[in-house]
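As structure tokens, the structure follows; a few thoughts come after it.
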Amino acid sequence: MKSVLEELSRRVRTAMVKVGADGDPIVRASQDAKFGDYQSNAAMGLAKKLGKKPRDLAAEIVAALEIDDICEPAEIAGPGFINLTLKPSYLGKLLTGVPSVADGGLDRLGIEPTADPQVVVVDLSSPNLAKEMHVGHLRSTVIGDCICRVLEFEGHTVHRENHVGDWGTQFGMLVAHLLREKPDIIDHPDELVIADLESFYVAAKNRFDADEAFKAESRETVVKLQQGDPTTRKIWKAFCDESLRHCHDIYDRLQVRLTDRGESYYTDRMEEIIGRIEKKMVGADGGWIRESDGALCFFLDGFTTRDGEPLPMIVRKSDGGFNYATSDLATITHRVEELGATRILYVVGLPQKQHFEMVFAGARKVGFAGDDVALEHLGFGSVLSKSGVMFKTREGGTFKLKALLDEAVERALAVLREQDRDGGFSEAQAAKTAEIVGIGAVKYFDLAHARQSDYKFDIDHMLAMEGNTAPYMMYAYARIRSIGRKAGVAVGALPADEPILLEHPTEIALAVKLVQFSETLHGIARELRPNVLTEYLYELAKAFSRFYDKKNGVRVIDATPESVRNSRLRLCDLTARTLKLGLGLLGIETVERM
RNA sequence: GCGCCGGUAGCUCAGCUGGAUAGAGCACCGGAUUUCUAAUCCGGCGGUCGUGGGUUCGAGUCCCGCCCGGCGCGCCA
């Protein structure tokens with residue numbers, strides 16, 4: 001389906017050129033239906049430059065505007081707004097052309113992939129393997145996955161990189177602890193099971209703090225690990241594999257797939273880029289690469305410490321080791337040079353903003369990323385407890401993500417039971433539906449908030465049946481499916497040449513929403529804002545409720561004549577397919593019955 | 001101290017590169033409706049957009065000051 005927004009922008013732009021007022025047509029979907037469906041706000045800004053009155057310029061543009069085929073006559077309002085209302089016949093034509101469901105393939109609703117595909121790397125999730133995943137990882141995983149899905153749908157090649165923490169001093173401690181606790185692991189590394197990584201870590205840490213001999217042992221283990229000692233490596237790998245299994249239990253439930261590529265993957269590359277950096281150092285004007293207190297540093301403009309001194313980005317510690325700046329630089333060279341990325345997105349919490357500013361500036365300056373590569377930190381806000389403080393357990397520890405998901409599913413089951421009036425759900429169906437609803441609720445709630453703002457984790461709110469929540473959206477979908485079943489029409493089965501006839505205000509309003517899906521999606525792919533998609537889907541669902549309302553809407557199954565019934569059934573079907581596709585891009589499953 | 005993020009209705013949150021009387025959900029009040037899944041629809045109540053200036057035809061949005069909250073600021077990630 002063509003983007004209405006683009007079409008209108010083109011038309012208005014053409015008219016503007018004709019009257020000698022070239023510029024951005026500033027076409028937007030109107031906020032209020034009384035101003036039409038779209039509006040152009042270009043006349044007000046341009047009038048002054050051209051020495052004209054805004055309303056006069058608007059009138060000139062309108063006079064030159066050729067939109068009879070798609071819009072009602074344009075209206076000029078207020079200081080010079082040009083209001084545009086789509087003709088029902090045009091809406092009907094656009095929707096009629098949407099192909100029926102392709103056999104087996106992904107339903108694209110007729111939306112074409114981009115003409116300019118890119119290779120995009122998304123750095124998401126990236127938990128530390130030393131510990132259990134906690135709430136802090138939810139947002140990166142869920143937002144990152146959504147962004148990947150949207151970009152993939154748009155036709156880009158997406159690499160989902162799970163940059164897990166599997167390297168560093170704490171792994172010496174963990175391996176040493178593991179060897180003491182389960183010495184037979186050397187012979188059976190594949191059989192390692194650690195029920196609770198969190199308590200395993202705590203036990204190791206306690207031993208480390210209390211036992212000097214163990215502390216020394218841990219340090220030796222780190223050295224052995226870094227030197228590549230086979231046995232140490234084997235134990236380390238067994239630990240990482242077990243930890244990754246824990247992670248993937250979560251990823252499976254969240255329906256997130258990604259490529260695990262830990263920091264350890266980059267160890268050789270880190271050595272190599274230090275070499276490249278040292279070569280640059282010789283010619284670095286102003287000595288922006290230099291050693292300071294024994295550490296190799298980048299001194300980049302605009303970064304200072306709390307004392308106002310230049311703040312270095314350390315790429316090699318004074319002990320010769322590397323840190324996260326080094327590994328982040330290494331990932332950039334890998335992603336650019338090996339994966340061929342032209343856009344790299346980091347879905348990492350907002351507190352790390354300064355770190356990424358430095359890494360990006362450093363990568364550019366040292367030549368690891370050229371102007372043809374976009375580097376973007378997609379920072380996100382924190383998940384707070386219901387009372388608005390950082391999400392912690394009573395003991396001050398972090399909340400395990402698994403526990404949170406379990407609770408959501410459990411609550412979803414309770415909600416389903418409550419609503420299941422006629423007891424139509426079997427035990428197994430209820431459990432399966434609860435899993436989908438519960439997980440979906442957590443994801444939807446997260447995605448429905450603006451990426452950069454903090455939000456309060458409110459399980460009652462996310463499972464509410466009213467408002468902009470997953471259960472509401474899922475129900476809206478299931479309800480439409482039920483209409484299809486009752487009408488005896490299969491999904492997407494009505495032929496694409498069955499004309500869509502729009503007459504009733506609620507039909508037209510629904511059609512406008514449906515038609516706006518593609519442009520909404522394109523906007524999201526550009527701005528990477530999942531909450532815009534949830535907002536859109538919610539409005540679509542509401543538009544459908546009005547359309548289907550017995551008082552203010554229209555009849556569907558028993559509508560006559562046949563052509564009107566079919567048209568309305570197609571509207572139902574298109575709505576359901578849009579909801580399913582949209583929720584799918586959020587990473588949320590739908591159910592046929594609820 | 002410097003920097004970043006935030007402060008919008010009683011509560012939870014939107015507000016797209018400045019655009020029309022600032023929106024939604026919940027809560028509260030009223031109405032429809034014995035239902036093509038009411039897990040619905042319609043209406044009402046409710047905000048000096050932290051605060052004081054400035055820029056602009058137009059500011060929740062941009063600039064400056066101040067207040068409040070959160071976070072970050074050299075070898076953890």
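Quick note: numbers below take in every heavy atom, side chains included, and nothing from hydrogens, waters or symmetry partners. Keep in mind it's a predicted model, so treat the numbers as computed, not measured. Quick note on labels: first sequence line is chain A, next is B, and so on, each numbered from 1.
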Under 4.0 Å, heavy atoms only, any strand: does A:Ser453 hit a base, just the sugar-phosphate, or nothing?
sugar-phosphate
Is any side-chain N or O of A:Lys551 closer than 4.0 Å to OP1 or OP2 of B:U40?
no
Mind calculating the distance between CG (A:Asp549) and P (B:C42) to the nearest angstrom?
7 Å
List for me each residue that meets side-chain contact (heavy atoms from CB on, under 4.5 Å) alongside A:Ala487, sequence neighbours excluded, and say none if there are none.
A:Val489, A:Ile557, A:Arg565, A:Leu569
For A:Ile277 versus A:Leu329, what's the shortest heavy-atom pair and its separation?
CD1-CD1, 4.4 Å
P atoms of B:C68 and B:G46, separation to the nearest Å:
32 Å
May I ask you to check whether A:Tyr265 and A:His334 place their ring centres under 6.0 Å from each other?
yes
Using a heavy-atom cut-off of under 4.0 Å over every strand shown, decide if A:Arg316 touches base, sugar-phosphate, or nothing.
nothing
Is the phosphate of B:U37 approached by A:Tyr548 (side-chain N or O, under 4.0 Å from OP1 or OP2)?
yes
For A:Phe547 and A:Leu571, work out which heavy atoms get closest and say how close.
CE1-CD1, 3.9 Å
Rounding to a whole Å, what distance do you find between A:Asp166:CG and B:C76:C1'?
15 Å
Have a look at A:Gln39 and say if it touches a base, only the backbone sugar-phosphate, or nothing, with a 4.0 Å heavy-atom cut-off.
base
Passes salt bridge (charged side-chain N to carboxylate O under 4.0 Å, His left out), A:Glu278 versus A:Arg316? Steps please.
CA-CA 11 Å; A:Glu278 283 178 327; A:Arg316 187 183 60 210; 3.0 Å; yes
I need the OH-C1' distance between A:Tyr472 and B:U37, as an integer number of Å.
13 Å
Same-atom distance (C1') from B:G18 to B:C49, integer angstrom
15 Å
Any protein N or O atoms within reach of nucleotides 69-74 of chain B? Criterion: under 3.5 Å, listing atom names and distances.
from: B:G74; atom 1: N1; to: A:Ser292; atom 2: OG; distance (Å): 2.8
from: B:G74; atom 1: N2; to: A:Ser292; atom 2: O; distance (Å): 3.2
from: B:G74; atom 1: N2; to: A:Ser292; atom 2: OG; distance (Å): 3.4

Once hydrogens and angles are ignored, does a donor-acceptor distance under 3.5 Å link the base of B:A20 to the side chain of A:Asn83?
yes
Which protein N or O atoms sit under 3.5 Å from an N or O of nucleotides 57-60 of chain B?
from: B:C57; atom 1: OP1; to: A:Lys48; atom 2: NZ; distance (Å): 2.0

Of the nucleotides B:C4, B:A39, B:C16, which has the atom closest to the A:Glu527 side chain?
B:C16
Can a side chain N or O of A:Arg479 be found less than 4.0 Å away from OP1 or OP2 on B:A39?
no
Results of salt bridge (Lys or Arg N to Asp or Glu O under 4.0 Å) for A:Lys456 - residues two or more places apart only:
none
Taking Watson-Crick (N1-N3 plus N6-O4 or O6-N4) and G-U wobble (N1-O2, O6-N3), each under 3.5 Å, can you produce the dot-bracket string of RNA chain B? Use [ ] for crossing pairs and | for inter-strand ones.
(((((((..((((.....[...)))).(((((.......))))).....(((((..]....))))))))))))....
Could you tell me whether a side-chain N or O of A:Asp166 sits under 3.5 Å from a main-chain N or O of A:Glu263, the two making a donor and an acceptor?
yes
Base, sugar-phosphate or nothing for A:Lys34? Non-hydrogen atoms, less than 4.0 Å.
base
Could you state the atom-to-atom distance from CD of A:Gln170 to P of B:A77 in whole Å?
8 Å
Residues in side-chain contact (heavy atoms from CB on, under 4.5 Å) contact with A:Val591, at least two apart in sequence or another chain
A:Thr433, A:Ile436, A:Met594
Could you give the distance separating B:U51 and B:C11 at their P atoms, to the nearest angstrom?
15 Å
Under 4.0 Å between any heavy atoms, over every strand shown, what does A:Ser318 touch: base, sugar-phosphate, or nothing? Just pick one.
base
Output all residues satisfying side-chain hydrogen bond (donor to acceptor under 3.5 Å, both in side chains) with A:Lys205, sequence neighbours left out; order by chain, then residue number.
A:Asp209
I need the CG-C1' distance between A:Asp24 and B:G19, as an integer number of Å.
13 Å
So what does A:Met313 touch, heavy atoms closer than 4.0 Å: a base, only the sugar-phosphate, or nothing?
nothing
Check every strand shown and say whether A:Ala77 touches a base, only sugar-phosphate, or nothing at a heavy-atom separation below 4.0 Å.
base
Contact check, residues 461-470 of chain A vs RNA chain B, heavy-atom distance under 4.0 Å, returns A:His461, A:Met465, A:Glu466, A:Gly467
Once ring-ring contact (aromatic ring centres under 6.0 Å, His included) is applied, what residue pairs with a partner in residues 293-331 of chain A remain, sequence neighbours excluded?
A:Trp288-A:Phe298, A:Tyr324-A:His355
Only counting residues at least two apart or in another chain, list the ones meeting side-chain hydrogen bond (donor to acceptor under 3.5 Å, both in side chains) with A:Asp22.
A:Arg13
Nearest 0.5 Å, what's the CD-NZ distance between A:Gln452 and A:Lys353?
10.0 Å
Please identify each residue that fulfils side-chain contact (heavy atoms from CB on, under 4.5 Å) with A:Asn41, with sequence neighbours left out.
A:Ile26, A:Arg28, A:Gln39, A:Met44, A:Phe81
With sequence neighbours excluded, what pairs up with A:Arg568 under the side-chain hydrogen bond (donor to acceptor under 3.5 Å, both in side chains) test?
A:Glu507
Between B:A9 and B:G15, how many Å separate the two C1' atoms, rounded to a whole number?
14 Å
Using the C1' atom in both, what is the distance from B:C28 to B:C36, to the nearest Å?
32 Å
Quick one: which of B:A77, B:C36, B:A20 gets closest to the side chain of A:Gln352?
B:A77
Which part of the nucleic acid, if any, lies within reach of A:Val348 when heavy atoms closer than 4.0 Å are counted: base, sugar-phosphate only, or nothing?
nothing
5'-most by nearest nucleotide on RNA chain B - A:Gly78 or A:Ile480:
A:Gly78
A:Lys486 vs B:C36: side-chain N/O to OP1/OP2 distance below 4.0 Å
no
Sub-6.0 Å ring centroid separation between A:Tyr346 and A:His163:
no
Can you see if the side chain of A:Lys317 gets near the phosphate of B:C76 - specifically, an N or O under 4.0 Å from OP1 or OP2?
yes
I want to check one thing: is the phosphate of B:A24, taken as OP1 and OP2, less than 4.0 Å away from some side-chain N or O of A:Lys542?
no
Please walk me through it: do A:Tyr472 and A:Tyr475 pass ring-ring contact (aromatic ring centres under 6.0 Å, His included)?
CA-CA 5 Å; A:Tyr472 176 89; A:Tyr475 175 72; 7.7 Å; no
Taking any heavy-atom pair under 4.0 Å as a contact, classify A:Ala448: base, sugar-phosphate, or nothing.
nothing
C1' gap between B:U21 and B:G60, integer Å:
15 Å
Under 5.5 Å and under 30°: A:Phe81 stacked on B:A20
yes
Side chain of A:Thr141, backbone of A:His137: donor and acceptor closer than 3.5 Å?
yes
Any idea which of B:C36, B:C42, B:C16 is nearest the A:Arg546 side chain?
B:C42
